[in-house]
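Note sheet for the following structure.
Hydrogens, waters and symmetry mates play no part in the numbers below; they use all other heavy atoms, side chains included.
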Amino acid sequence: MGAAENLKTLAWDFVQEPHRVSALLREGGRVRKVRLPRGLEVWLVTGHAEARAVLADPRVGKDTAEARRLFERGGFESAGDSAVRALSGHMLNSDPPDHTRLRKLVNQAFTSRTVSRLRPRIEQIAAELLDDIGDAERVDLLPAFAVPLPIRVICELLGVHAGDQPAFAKWSNTMLAWSTPEELQAAAAKMHAYLVDLIAEKRAEPADDLLSGLIHASDEGDSLSGEELLSMAFLLLVAGFETTVNLIANSVFALLREPEQLAALRADPALLPGAVEEFLRYDGAIHLATIRFTREPVPVGDVEIPADEFVLVSLIGANRDAERFEDPHRLDVTRQSTGHLAFGHGIHYCVGAPLARLEAEIALRGLLERFPGLSLDADPETLRWRESTLVHGLETLPVRLR
C-alpha cells in the first residue's frame, strides 16, 4: 500500500506535519488501526463522514472509569496519580446521563446570546494588549497577544485572580503536551491544589462569576459533587483558553502565508466572521479529539471496529477531506466552511464555541486594523508545532508589526 502502509506506527512528524500525514493515512484507509508514538494502539479516523459518525455514535463512549480499565488491560498506566484523575473526571470524559446533567449546568453561560454580552470587555482587553505592543517593531505574538487575551477572558469569567493567570497557563501547557509522567503529575498537583483553594475562597466569599455560580448550584443540591465541581472548573479554564490561543495564532499564521487572502480580508472586514470558520476548518486548534472507546462492534464506513477498542478522531484530517471540502488544502476566506468539525460534533460539541469564535473575530480585527504592515518575522518552515496530539498550536509566532 505504499507510503500509507508504512504509517501504521506513527512518528512525531504526525505532530509537525499533521495535514500531510493525515492525507497519507486516508489513502490507506479512512478508518484504520495505528500505533501512537508511545505505543498505544488505536483506531484512527481521518475521513469527514466517518469522523462525524463516530463523534455522534452512542456506542462509542468516553467514561473515565471504563477507559481506565481498558488502558490497564493493555498494560498502560491510565491517568497518573490522584490529582490527574481528579481533574480528568469532567463532562468531556463522561457519558449520559452524567454528561447531560453536567452540561446543563454550564450551557447557559456559553450561549451565543450570553457570550455576545462579553464583546465590550473582550474588545477592551484586546485593545489594552495591542497598546502594550504598539511601539514594538517585532514581537512573538503568542505571549504578547494570542495567549493573554483568552486567558484573561476565561479567568475573569470564572473568577481567577489576574496574578495567578501566568502560572495557570504554564501548568495547562505541561498537562496538554507530551510531558513525562513526573512533569504531568507535578503540574496536575499544583493545578489541583490551586483549584481546591480557589473553590474554598469562592464558597466563603461568592462573587459575580461562573465558578461562584457553579458552587452555589452544588451547595443547593443541583447534582454537582465536590469532585465534579473541581474537574468542571479545570475543564472550563483549560478548554476555555487553550483552543482560542491556538485558533488566534493559527489564523494569523495562515493569513501571513497567503498574501492574497490577507488582502481580501483587509479590503472587506465584513468577511471576518466567515473567515473564522475557514480558519477553524483549515488549521483548527485541536488535532485529535479526546480518546473514545467502543462498547460493542461499531461499523464505521467500510470498517467494523471491534468492541473494547480505543478510537481517536482526527479533526484536522476530517477538515481537509476532499470528499467533503473542495480543494481542501487551499485557504479561502470567502469559502462557506459550514460543516467543519473543529469544535467536534454530537453531545460533546464544544460548549465554548461561541466564545472562541467571538474572541478570534475580535483579536483578528484588532490586529489587522492596528498593524497594516503585519508580517511574519521568520521562515515559516522553521516554526514548530507543540508536541501534543491533542492541541494543534505553534510554539512561537514571531511577527513584524510594521
Enumerate donor-acceptor pairs with a distance under 3.5 Å from any side-chain N or O in residues 134-154 to protein atoms, sequence neighbours excluded.
unit_1: Glu137; atom_1: OE2; unit_2: Arg400; atom_2: NH1; d: 2.9
unit_1: Arg138; atom_1: NE; unit_2: Asp377; atom_2: OD2; d: 2.8
unit_1: Asp140; atom_1: OD1; unit_2: Leu142; atom_2: N; d: 3.1
unit_1: Asp140; atom_1: OD1; unit_2: Leu397; atom_2: N; d: 2.9
unit_1: Arg152; atom_1: NH2; unit_2: Glu128; atom_2: OE1; d: 2.8

Do Val54 and Glu50 come close enough that some side-chain heavy atom pair is under 4.5 Å?
no
Flag, side chain of Glu278 to backbone of Asp332, donor-acceptor distance under 3.5 Å:
yes
Any side-chain heavy-atom pair from His287 and Ser314 closer than 4.5 angstrom?
yes
Minimum heavy-atom distance Leu394-Ala249, with the two atoms named
CD1-O, 4.5 Å
Where do Trp43 and Val31 land on the side chain to side chain contact (heavy atoms under 4.5 Å, CB included) test, with the steps shown first?
CA-CA 7 Å; Trp43 288 84; Val31 181; 4.1 Å; yes
Would you say the side-chain atoms of Asp63 pair up with the backbone N or O of Asp95, donor to acceptor, closer than 3.5 Å?
no
Pairwise side-chain contact, Arg281 with Leu341, heavy-atom cut-off 4.5 Å (strictly under):
no
Measure the shortest side-chain to side-chain distance between Leu376 and Arg257 over non-hydrogen atoms and say whether it is less than 4.5 angstrom.
yes
Is the shortest side-chain heavy-atom distance between Glu201 and His161 below 4.5 Å?
yes
Can you see whether Asp379 engages Thr382 through a side-chain donor-acceptor pair at a distance of less than 3.5 angstrom?
no
Check the pair Asp13, Arg20 against salt bridge (charged side-chain N to carboxylate O under 4.0 Å, His left out), reporting the backbone distance first and the verdict last.
CA-CA 9 Å; Asp13 61 351; Arg20 180 185 68 81; 3.0 Å; yes
Given the ring of Phe310, does Arg292 sit roughly above its face, with NZ or CZ under 6.0 Å from the centre of the six-membered ring and within 45° of the axis?
no
Donor-acceptor check, side chain of Ser172 to backbone of Ala169, threshold 3.5 angstrom: yes or no?
no
Does any donor atom in the side chain of His19 or Asp283 lie under 3.5 Å from an acceptor atom in the other side chain?
yes
Is there a side-chain contact between Phe325 and His340 in this structure, where contact means two heavy atoms from C-beta onward sitting under 4.5 Å apart?
yes
Please list, chain by chain and in numerical order, all residues satisfying salt bridge (charged side-chain N to carboxylate O under 4.0 Å, His left out) with Glu304, sequence neighbours excluded.
none
Lys62 and Ser94: side-chain hydrogen bond (donor to acceptor under 3.5 Å, both in side chains), yes or no, with the steps?
CA-CA 5 Å; Lys62 299 197 73 182; Ser94 65; over 6 Å; no
Given side chains that start at C-beta, do those of Phe371 and Leu130 come closer than 4.5 Å, heavy atoms only?
yes
With salt bridge (charged side-chain N to carboxylate O under 4.0 Å, His left out) as the criterion, how do Arg357 and Glu277 come out once you've worked through the C-alpha distance, each side chain's angles and the decisive distance to 0.1 Å?
CA-CA 8 Å; Arg357 286 184 166 107; Glu277 299 306 311; 2.6 Å; yes
